[in-house]
2 protein chains.
Amino acid sequence: MKNKTMYAVLGVLSLLGPMSGYDIKKFCDKSISYFWNENFGHLYPVLSRLESSGLIARDSPDEAVRRKSYHITDKGAAVLRAWLVEPVEYQPERSELLLKLSFGNRMELEDILAMLEEAKVRNELKYKQLDQIHSYYMGSEDAKKKPQYPFWLAALRYGITSLEASLKWFDETKIFLMDYHKNQ
Amino acid sequence: MKNKTMYAVLGVLSLLGPMSGYDIKKFCDKSISYFWNENFGHLYPVLSRLESSGLIARDSPDEAVRRKSYHITDKGAAVLRAWLVEPVEYQPERSELLLKLSFGNRMELEDILAMLEEAKVRNELKYKQLDQIHSYYMGSEDAKKKPQYPFWLAALRYGITSLEASLKWFDETKIFLMDYHKNQ
DNA sequence: AAACTCATGTAATAGGTTACATGATTCA
DNA sequence: TGAATCATGTAACCTATTACATGAGTTT
């Protein structure tokens, strides 16, 4: 697996213009955390490496400035474009929820149901957040003007669609497992 | 994040009885790869550590036997049970597909569509495989007798439901992006 | 005899997380 | 003035991946 933080940084700088590491992290947290996450401990070293390899550069080379704002260079833009057309790497699935569920006959039914309920509540919360952003997006003339509009909307709908499907599954599964348990 | 390979091993040995590292890997690949994956390079060291900490033990302590079959110990079963009732750890999302899509205005439309088509084809294949297993499961008296039956069925349905939702999204999204592009 | 599957492992590396440290700036 | 937020970074650690190495047994 390649270092994807690097490409995430290049992409964000390319789309949103000059930003600091702190800004990039903030943007991830508030706007794309439903499909992408970064943390400082990895982000800052990657920024240093991107700078020293010339893929990004500081806006003001003044060493005294505390806040380091970066922009993407031509070289960085070329590297980003090359990555974008490469096939999406296969990501081996790892779902702790399904792993635990598959060991369900080593658990009490009530513990399984509690686990499912907890996960469902988490997903409901995420769903509500995405739905709000979606409503905003659909109504905002400002958002529609941005070149990334259709892509961000599509990504948002992926999140919403997946969450809807999972919420339906949680309800069905809880009923299924309760019924099954009763009829044993 | 905790070492989940360890718990996966304990769970599999607990459910399926004595197995070798090779068996566990084979089982992951053929039966649960849609939600769990392991690789040898991690699995074998974890097996060694589990053995030396007494959570699993060799079936035959004969050093000459090449094939090392392990079973779970009482101590291991206790550790497994404790993990099963712990809350599922939050897993930060990282979808390369959605990341690339969100940088869509740095790509050609045809490249985006090709990327989506490729991912869709992959998901269709997975969907067909899961659907076949599901059919087998629903029809097999043998499968129904096993205590893990309802849980494996539920997990299977999670995979199927998610894939269905994603396939629908791929179709909708390709049309949406093409229409949007045409009307610009 | 060659090819394939069974079977176990190690070493190097990458990729990312957690915890810690530090100090400036802004706001109540 | 104290708290919160802004802002950057490092060190230790862990988890997992990749590549490599080895050899037995089985099938074609």
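Reminder, nothing fancy here: chain letters follow the sequence lines and each chain counts from 1. Model, not experiment: these values are computed from the prediction.
Nearest heavy-atom pair, A154(B) versus W169(A), reported as atom, atom and distance to 0.1 Å: O-NE1, 2.9 Å.
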Original post:
Would E93(A) and Y34(B) count as a side chain to side chain donor-acceptor pair (under 3.5 Å) if you check the C-alpha gap in whole Å, the side-chain angles of each, and the deciding distance to 0.1 Å?
Top reply: CA-CA 6 Å; E93(A) 298 284 340; Y34(B) 71 96; over 6 Å; no

**OP:** Please assess E124(A) against K120(A) for the test salt bridge (Lys or Arg N to Asp or Glu O under 4.0 Å), listing each intermediate value before the final yes or no.
**Re:** CA-CA 6 Å; E124(A) 267 170 343; K120(A) 189 195 156 189; 3.7 Å; yes

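Of the candidate nucleotides dA7(C), dG9(C), dT5(D), dA7(C) has the atom lying nearest to any side-chain atom of Y22(B). The side chain of P45(B) sits closest to dT10(C) out of dA7(D), dT10(C), dG16(C). Nearest to the side-chain atoms of N3(A) among the listed nucleotides dG9(D), dG15(C), dA7(C) stands dG15(C). Checking dT8(D), dG16(C), dA7(D) against the side-chain heavy atoms of D23(A) singles out dA7(D) as nearest.
E96(B) and K100(B) are joined by a salt bridge, as a carboxylate oxygen and a charged side-chain nitrogen come within less than 4.0 angstrom of each other.
Taking atom CG on D29(B) and atom P on dT17(D), their separation rounds to 12 Å, with Å as the unit. Whole-Å rounding puts the Q91(B) CD to dT17(C) P distance at 9 Å. Put simply, CG on L50(A) is 13 Å from P on dG15(C), counting in whole angstrom units. As rounded to whole Å, 14 Å separates atom C1' of dT10(D) from atom CG of L43(A). With rounding to whole Å, E89(A) atom CD is found 11 Å from dT17(D) atom C1'. Straight-line distance from the NE2 atom of H42(B) to the P atom of dT10(C): 13 Å, rounded to whole Å. One interatomic measurement links the two molecules: OH of Y44(A) to P of dT8(D), which rounds to 4 Å at whole-angstrom precision. Between the P atom of dT26(D) and the CZ atom of R66(B) lies a distance of 12 Å, rounded to the nearest Å.
Residue T5(B) is classed as a sugar-phosphate contact, given heavy-atom separations below 4.0 Å to backbone atoms only. Within 4.0 Å (heavy atoms only), G21(B) reaches sugar-phosphate atoms of the nucleic acid but no base atom. Nucleic acid contact for S48(B): none, since no nucleic acid atom lies under 4.0 Å from a heavy atom of the residue.
A donor and an acceptor atom, one from each side chain of Q148(A) and S102(B), are nowhere located under 3.5 Å apart.
Each of R49(A) and F40(A) has a nearest nucleotide on DNA chain C; the 5'-most of these lies closest to R49(A). For the pair L47(B) and P92(B), both in contact range of DNA chain C, the more 5′-proximal nearest nucleotide belongs to L47(B). Looking at which nucleotide of DNA chain D each of Y70(A) and K2(B) is closest to, the 5′-most match is held by Y70(A).
Checking the phosphate oxygens (OP1, OP2) of dC6(D), no side-chain nitrogen or oxygen of S20(A) falls inside 4.0 Å. Contact annotation: R94(A) side-chain N/O to dA16(D) OP1/OP2 distance is under 4.0 Å.
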